[in-house]
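Just below is one structure, and these are the notes that go with it.
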Amino acid sequence: MTTSGLVSIIIPVFNRAELIIPTLTSIAKQAYPDWECCIVDDGSTDTTPEAIAKFIDGDTRFRLFDRPSNLPKGANSCRNYGFEMSRGDFVVFFDSDDLMLVSDLQARVEAMREKDIVIARAEVVDEELNTLRTFRVEPYLDLYRTYAYTKTEMITDSVLFRRELLEGRPLFDPQIVRGQEADFFLRIFRGISLDQVSFLQEPSFLYRQHEGTKTAAAESYRKDFKASQLKIYSENLDYALAEKDQQLARYMYKQLVPILCSAAVHRDSKTFIGARKKMFQVFGKKNASWKIKLRWATTLLYITGRPSYRLERMLRNAKLNFGS
């Protein structure tokens, strides 16, 4: 397997005229020379396309695309289209507001060797680029569980893929509006052993924290967000059960509990019914008493519309048997 070759950097962008230019500048300064950058605009309504076009003028390593109108709006469609347009031996999906250190690509490609994936480490910085902390790196069992249990912190920027690993596979789901990278990683990482992965110990890129990155956390309840989270954790609970991994099944179950409880409190009937149905499906006869408790607890939350951390904690800490 080659340890040199073209790296495709794929960036979705929407209304980030000021933020994306420092990102592109950091890419242009890379010590590793063999790269291309595919930028896909998601229908920006500000001056983002003009700012990008001005910056990349004359530099053929950068290519700017518009998301085709027949594709759903969103970063996931842009990433998928960017991958289709890319030509690299290696691929990294990068965000439009983060920064590569000058040695980033060089370190990743050198670490690839006979591997299929390289996990880069991030340095978290504020708007003034002051260091806040570095991402945790702790490989665990396999790549799927390393990510699922957050043993190693990763964002979309973190991962350099060998192209063959992605070709012919569903990539980013355009229907997922919250937890896009979690959905992607939890599908792609299945069956990937740690022998196939290199983990960089030194930070090679900057994960910028600014007002735009904090918006989602401050938003009120959104049904589409919760529906996306329900889909992700339901599918991964099914995977855990198929793997006969009780620890993983319990973990995925615990992720579903707050989704169910918040859906009940906000009377989001679609997510409430879907989450409860999923839990009923996996409980089986061995957990009959907990099935009853789940029914009355969540019905109470739905009727009152008031959160109960005691009830949620009771459900999260349920002693369940996920065996067949």
Side-chain angles (χ1 to χ4, degrees), residues 72-76 145 147-150 172-187 211-324:
K73 182 174 176 57
N76 281 352
R145 288 163 179 79
Y147 178 74
Y149 293 134
T150 327
F172 292 88
D173 185 346
Q175 303 307 313
I176 295 291
V177 296
R178 183 67 167 168
Q180 296 99 323
E181 68 192 25
D183 173 69
F184 174 63
F185 287 156
L186 288 170
R187 285 185 287 103
E211 287 305 311
T213 63
K214 300 172 185 174
T215 303
E219 290 185 37
S220 58
Y221 186 92
R222 282 188 53 173
K223 291 183 177 181
D224 56 345
F225 280 12
K226 295 300 178 181
S228 291
Q229 292 174 326
L230 172 60
K231 182 177 186 295
I232 293 167
Y233 290 113
S234 293
E235 290 178 355
N236 283 278
L237 177 55
D238 288 340
Y239 174 71
L241 294 171
E243 290 283 292
K244 302 187 186 307
D245 186 333
Q246 288 228 11
Q247 179 187 0
L248 183 61
R250 288 192 188 96
Y251 181 82
M252 293 302 171
Y253 161 80
K254 287 183 177 182
Q255 308 314 303
L256 286 172
V257 169
I259 297 172
L260 171 61
C261 292
S262 61
V265 169
H266 290 88
R267 297 188 173 92
D268 176 359
S269 59
K270 184 176 181 180
T271 295
F272 173 73
I273 292 170
R276 198 160 76 162
K277 181 179 179 181
K278 169 55 62 177
M279 291 185 181
F280 285 168
Q281 286 175 348
V282 302
F283 275 6
K285 294 180 180 179
K286 292 184 178 180
N287 302 295
S289 63
W290 277 106
K291 203 171 187 178
I292 295 170
K293 290 178 183 178
L294 176 70
R295 188 185 299 277
W296 70 255
T298 53
T299 299
L300 180 64
L301 291 175
Y302 196 93
I303 292 172
T304 64
R306 292 188 302 174
S308 171
Y309 297 108
R310 184 175 66 85
L311 287 178
E312 184 173 328
R313 186 170 60 251
M314 177 193 74
L315 294 174
R316 282 178 59 88
N317 296 330
K319 304 298 182 183
L320 301 173
N321 186 336
F322 288 99
S324 56

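The shown structure was predicted, so the numbers you read here are calculated from the model rather than taken from an experiment.
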Rounded to the nearest 0.5 Å, what separates atom [atom1] in [X] from atom [atom2] in [Y]?
{"X": "Ser234", "Y": "Gln255", "atom1": "OG", "atom2": "CD", "result": "11.5 Å"}
{"X": "Arg267", "Y": "Tyr221", "atom1": "CZ", "atom2": "OH", "result": "12.5 Å"}
{"X": "Met252", "Y": "Ile232", "atom1": "CE", "atom2": "CD1", "result": "10.0 Å"}
{"X": "Asn317", "Y": "Arg250", "atom1": "CG", "atom2": "CZ", "result": "12.0 Å"}
{"X": "Leu241", "Y": "Gln246", "atom1": "CG", "atom2": "CD", "result": "9.0 Å"}
{"X": "Gln281", "Y": "Lys291", "atom1": "CD", "atom2": "NZ", "result": "9.0 Å"}

Can you name the nearest heavy-atom pair linking [X] to [Y], along with the distance?
{"X": "Ala249", "Y": "Leu237", "result": "O-CD1, 3.4 Å"}
{"X": "Pro258", "Y": "Lys254", "result": "CD-O, 3.0 Å"}
{"X": "Leu315", "Y": "Tyr253", "result": "O-OH, 2.7 Å"}
{"X": "Ile259", "Y": "Leu230", "result": "CD1-N, 4.0 Å"}
{"X": "Thr271", "Y": "Lys223", "result": "OG1-O, 4.3 Å"}
{"X": "Leu256", "Y": "Lys278", "result": "CD1-CG, 4.0 Å"}

[X] versus [Y]: any side-chain heavy-atom pair under 4.5 Å?
{"X": "Gln229", "Y": "Lys226", "result": "yes"}
{"X": "Asn76", "Y": "Asp183", "result": "no"}
{"X": "Arg295", "Y": "Phe280", "result": "yes"}
{"X": "Glu312", "Y": "Val257", "result": "yes"}
{"X": "Tyr251", "Y": "Gln247", "result": "no"}
{"X": "Asp245", "Y": "Arg145", "result": "yes"}
{"X": "Asp224", "Y": "Arg178", "result": "no"}

Do other residues, nucleotides or ligands put more than 12 heavy atoms under 6.0 Å from Lys270 NZ?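 Atom NZ in Lys270 is not packed in, count stays at 12 or less.
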Taking OH in Tyr233 as the centre, count heavy atoms belonging to other residues, nucleotides or ligands within less than 6.0 Å. Is the count above 12?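 No, not enclosed.
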For the backbone of Leu248 and the side chain of Tyr149, can you confirm whether one donor and one acceptor N or O come within less than 3.5 Å of each other? yes
Distance-only criterion, 3.5 Å: show the donor-acceptor pairs between side-chain atoms of residues 301-309 and protein atoms not counting sequence neighbours.
residue	atom	partner	partner atom	Å
Thr304	OG1	Leu300	O	2.9
Thr304	OG1	Arg306	N	3.3
Ser308	OG	Leu311	N	3.2

Phe184: what forms a ring-ring contact (aromatic ring centres under 6.0 Å, His included) with it, not counting sequence neighbours?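 Applying ring-ring contact (aromatic ring centres under 6.0 Å, His included) to Phe184 gives Phe93, Phe161, Phe172.
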Partners meeting ring-ring contact (aromatic ring centres under 6.0 Å, His included) with Phe185 (sequence neighbours left out):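 Result, ring-ring contact (aromatic ring centres under 6.0 Å, His included) vs Phe185: Tyr147, Phe189.
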Residues Lys231, Asp173; criterion salt bridge (charged side-chain N to carboxylate O under 4.0 Å, His left out); working and verdict: CA-CA 11 Å; Lys231 182 177 186 295; Asp173 185 346; 3.2 Å; yes
Regarding Arg222 and Ser228, do their side chains bring together a donor and an acceptor under 3.5 Å, going by distance alone? no
